[in-house]
Amino acid sequence: MDLIKQIAEKLIKSSFAVVLTGAGISTGSGIPDFRGPQGIWKVLDPNLFHISHFYSDPLNTWKLFMNEMYEKIKDSKPNRAHYSLARLEELNIIKAVITQNIDNLHEKAGSKNVIELHGNMKYAICTQCYRKYDIENAFNDVKQNKIPICPYCGGILKPDVVFFGEPLPEKEIRQAFDLASKSDLFLVLGSSLSVSPANQLPIIAKSNGAELIIINMGETELDYYADIKVDEKVEEVFPKICKKVEEMIASLSSCN
Ligand code: ZN
């Protein structure tokens with residue numbers, strides 16, 4: 001049986017399918033993989049996005065973020081893999097998407113239950129009271145050479161993305177681990193699973209009895225652990241799976 005059909009069947013049979021996405025789902029939208037050979041970290045010094053650099057020079061870190069990251073990503077559009085995930089959520093097959101991406105493309109595609117482990121670049125967050133604001137307002141200050149300040153408590157605002165050296169957001173991590181342990185089918189799309197703690201999620205899922213499917217161009221650190229591994233581009237293979245699910249559902253309902 002071909003893999004597309006096999007995965008589609010597993011999705012339809014599942015009662016709690018959870019997906020983890022990484023940079024590989026967004027390369028099809030023109031966003032370079034941060035860590036890859038053409039990645040952002042080959043051009044930009046990652047030390048400039050260390051939390052200690054942010055606190056030592058917030059204004060310049062804001063400028064770098066705005067010009068070198070946000071401006072290059074903000075107009076990206078979701079690709080067919082993002083839309084397929086949103087469609088499968090609409091069909092109540094996928095229950096949640098956990099993502100390591102900050103590009104907001106899952107929301108743009110229409111996914112509702114999205115857990116963002118590394119934040120979302122469309123917000124600024126207060127480093128004191130953790131209130132969130134539209135990042136465009138913060139950019140207005142940055143453009144006038146002012147460090148964006150929380151209007152509520154006066155704390156310094158920071159882009160709401162996880163910097164190097166910074167812990168992941170507690171609530172999201174808790175939600176992600178909870179979802180992984182509840183899932184009976186766990187899919188990894190476009191992640192090489194080299195970043196902790198996200199790479200522990202498939203292990204938690206498997207140890208609670210879930211099946212693990214990995215779709216990623218290239219090896220991942222958990223290939224040996226997967227029930228099915230598809231070594232192809234996510235944006236090419238996942239829409240086919242979604243289409244197969246729709247066809248199978250249609251043929252099921254026509255029998256009733
Ligand atoms: Zn505040």
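If you're wondering where the values come from, they're calculated on a predicted model, not measured in any experiment. Whatever order the structure lists ligands and atoms in, that order sets their numbers, starting from 1.
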Quiz item: What residue pairs, at least two apart or across chains, pass ring-ring contact (aromatic ring centres under 6.0 Å, His included) with a residue in residues 215-242?
Solution: none
Quiz item: Between F139 and F65, what is the ring plane arrangement, given parallel below 30°, perpendicular above 60°, and tilted in between?
Solution: tilted
Quiz item: side-chain hydrogen bond (donor to acceptor under 3.5 Å, both in side chains) between N104 and N120: does it pass, once the steps are laid out?
Solution: CA-CA 6 Å; N104 199 39; N120 185 323; 2.9 Å; yes
Quiz item: If we ignore angles and hydrogens, is there a donor and acceptor under 3.5 Å between the side chains of K63 and N145?
Solution: yes
Quiz item: Under 3.5 Å, is there a donor-acceptor pair between the D184 and S15 side chains?
Solution: yes
Quiz item: Looking at E166 and K158, does any basic side-chain N land under 4.0 Å from a carboxylate oxygen?
Solution: yes
Quiz item: Under 2.8 Å from the Zn ion (ligand 1), which protein atoms of type N, O or S occur, listed by chain and number?
Solution: C126 SG, C129 SG, C150 SG, C153 SG
